[in-house]
Amino acid sequence: MEHGSYSDLSKSTFSLVDEDHTFANSVRFILNQDPRVTFCGYSIPHPSENRVNVRVQTTGDPASEVLKDGCQDLMLMCQHVRSTFGKAVNDFKTSKSVRSTSEKAVSESDDDMDT
Amino acid sequence: MSSSGDESMASEIDEQEQNGGRGIPDYIMNLEDVPSTLPTHLELQKTRVFCNLDAPQHTDTIQYSGAYAALGVDNSVRLDNFYQNFKVEVKRITDEEMEFDMIGIDPAVANAFRRILIAEVPTMAIERVYIANNTSLVQDEVLSHRLGLIPIDADPKLFEYPDDAGGENNEKNTIVFKQHVRCEKGQPRLTVKSDTLKWLPNGSELIAEGTKSAADPAPKTFTTFNQKSLPKFSKDPAPYNLDVIVAKLGPGQEIELEAHAVKGIGKTHAKWSPVATAWYRMLPEVVLTKDVKDELAEELVSKCPAKVFDIEDIGRGRKKAVVKNARACTLCRECIREADEGEEGGEGEKWTDRVSLRRVKDHFIFTIESTGAIPPDVLFTEAVKILEDKCERVITELS
């Protein structure tokens, strides 16, 4: 899946199968913000082929390591998004159920919000 | 009020003056997601899209880590910075739809979530239809297609993807439904709705062709399983909407079929897409760069079809326009269009000098409309998990 020079590890093209803009564009965004990266871009060689080529050139570090770190960062970002989102939804639901129960007084139970 | 007399200098200075003199309100610069290190006009260009009369300006997101190296400003990604600034605000949520604001994230990642929601979160949908009898006007293939598009209310997490190698259908990858409706002679026309699809927990009842024999006491069907053995479903699998019209039957017409639902993703076919739509837009920002008073204020309020502006009394019978609801702005630019464009070049203030329309580049108003099988908040969590899995896959392949 990796194409590049064996002598110069700082420049490589990674060919990822079964990926598309979804992953490649986000990883390109992460890598471009990494100070070790001098160039990062991606291309889809053919639209009917499930493949994307990600080019990474660095200031000296092995490109595969930098790509790995980028993926790691993206993953941590996703985990943070997930926990923040979960918390926001929970807060919203509890605040809504508190409001509706206080409005309806004790006449109706709030068992639909419990689960 | 602007120093128009000084503006006969070089064009570069002209430009700087315009950017600086656009009156960036303090509250923008005081936002916590705006680091105070860049000059204000660059900061504004970095964080806002300017929606001018002719075209939007500064639409790019500045990604490169060294973009502001000459100014001594580091633009590299810092996760702790992201952790600090990232916010989610839920606006509304129901079983089928939710809207929330996602603040402090890049469009590349927000778009990845949207794409995954549409094309890569799995659901169950009818994939194979075995038609025993169909005398309705709807052709077999059209009927099958219509059945496929009905959202099935079953948790895809309880199921496995079907075996591509042509293995047996089992209780872990197939849900079988039966539909048998008939319009009796002499009756009025019958509308067949999705509630006539009945779940068969014991699998197929149709006898597979070529396996029928008098000697065989238990004829072979298309599946052999008992879904009662599965971990309990919270409810029986059924179409989510029971009033989807499948076909119409005239007197004497009949439909008898069996439909097998399997797990899949929207990339393969849109019927597996768990959302009706999922979309986002950037938060509009409307800024009055000058005080708009009296008749002009009235004019501004009446110009806006989205009712963004409101009038405030400032005493002594005078009025002033204020921005009341920038979120409702559709950026139609009606507020900055001159009433009579023929007389352009005339002196005096233009509306573009008074109102500035912008979009906040890292504030996304995200809306998810679910088809019903999975609630929208669960869908989003699943989508984020899928992006995580993609990262993990690449990491393991690299090491």
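Per chain, numbering begins at 1; letters A, B, ... match sequence-line order. The shown structure was predicted, so the numbers you read here are calculated from the model rather than taken from an experiment.
- Of the possible polar contacts, none joining the A/Lys87 side chain to the B/Val88 backbone as a donor-acceptor pair under 3.5 Å is found.
- In this structure, the portion of B/Lys267 lying under 4.5 Å from any heavy atom of chain A is its side chain and not its backbone.
- Expressed to the nearest 0.5 Å, how far SG of A/Cys71 lies from CD of B/Glu397 amounts to 10.0 Å.
- Counting heavy-atom neighbours within 6.0 Å of B/Asp95 CG, excluding the residue itself, gives a total of 12 or less.
- Contact annotation for A/Val37: only backbone heavy atoms (N, CA, C, O) come within less than 4.5 Å of a heavy atom of chain B.
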Extract all donor-acceptor atom pairs below 3.5 Å that involve side chains of residues 374-382 of chain B and protein atoms in other chains or at least two apart in sequence.
residue  : atom : partner  : partner atom : Å
B/Asp377 : OD2  : A/Lys93  : NZ           : 3.1
B/Thr381 : OG1  : B/Asp377 : O            : 2.7

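- Within the 4.5 angstrom heavy-atom criterion, only side-chain atoms of B/Glu120, from C-beta onward, approach chain A.
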Checking A/Lys96 against B/Ile93 for the side chain to side chain contact (heavy atoms under 4.5 Å, CB included) test, could you report, in this order, the C-alpha distance in whole Å, the side-chain angles of both residues, the deciding distance, and whether it holds? CA-CA 10 Å; A/Lys96 212 171 78 175; B/Ile93 182 164; 4.2 Å; yes

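- The part of B/Arg393 that comes within reach of chain A is its side chain, from C-beta onward, which places non-hydrogen atoms under 4.5 angstrom from that chain.
- Ranking A/Asn25, A/Asp69, A/Thr84 against chain B, the residue ahead of the rest is A/Thr84, based on heavy-atom pairs under 4.5 Å.
- Each salt bridge (Lys or Arg N to Asp or Glu O under 4.0 Å) pair with one or both residues in residues 100-109 of chain B, not counting sequence neighbours, appears once here: B/Asp101-B/Arg327.
- Residues A/Val27 and B/Val394 fail the side-chain proximity criterion, which asks for heavy atoms closer than 4.5 Å.
- Counting heavy-atom pairs closer than 4.5 Å to chain A, the top residue among B/Ala112, B/Pro107, B/Ala67 is B/Ala112.
- The closest side-chain heavy-atom distance from A/Lys68 to B/Ser399 is below 4.5 Å.
- Among all heavy-atom pairs drawn from A/Thr22 and B/Lys390, the shortest one is CG2-CE, 4.5 Å.
- Of the two parts of A/Gln72, the backbone and the side chain both hold a non-hydrogen atom closer than 4.5 Å to a non-hydrogen atom of chain B.
- Here B/Leu398 contributes atom CG and A/Leu67 contributes atom CG; the two are 5.0 Å apart, rounded to the nearest 0.5 Å.
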Could you walk me through whether A/Phe85 and B/Phe100 pass the ring-ring contact (aromatic ring centres under 6.0 Å, His included) check? CA-CA 9 Å; A/Phe85 178 80; B/Phe100 60 95; 5.0 Å; yes

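- Contact annotation for B/Thr61: neither backbone nor side-chain heavy atoms come within less than 4.5 Å of a heavy atom of chain A.
- Interface remark: B/Ile105 contributes side-chain atoms only to the contact with chain A (heavy atom separation under 4.5 Å).
- Rounded to the nearest 0.5 Å, atoms CZ (A/Phe23) and CD1 (B/Ile386) are 14.0 Å apart.
- Nearest heavy atoms, A/Val81 versus B/Phe82: CG2-CZ, 4.0 Å.
- In this structure, CD on A/Gln79 lies 7.0 Å from OH on B/Tyr83, to the nearest 0.5 angstrom.
- Counting only heavy atoms from C-beta outward, the side chains of B/Arg115 and A/Asp20 approach each other to under 4.5 Å.
- Side-chain atoms of B/Phe113 and A/Cys78, non-hydrogen and from C-beta on, do get closer than 4.5 Å to each other.
- If you take CZ on A/Phe92 and CZ on B/Arg92, they are separated by 9.5 Å, rounding to the nearest 0.5 Å.
- Within the 4.5 angstrom heavy-atom criterion, no atom of A/Val54 approaches chain B.
- Comparing A/Arg28, A/Met75, A/His80 by heavy-atom pairs within less than 4.5 Å of chain B, the highest count is held by A/His80.
- Nearest approach of A/Leu76 to B/Leu79, heavy atoms of both residues: CD1-CD1, 3.6 Å.
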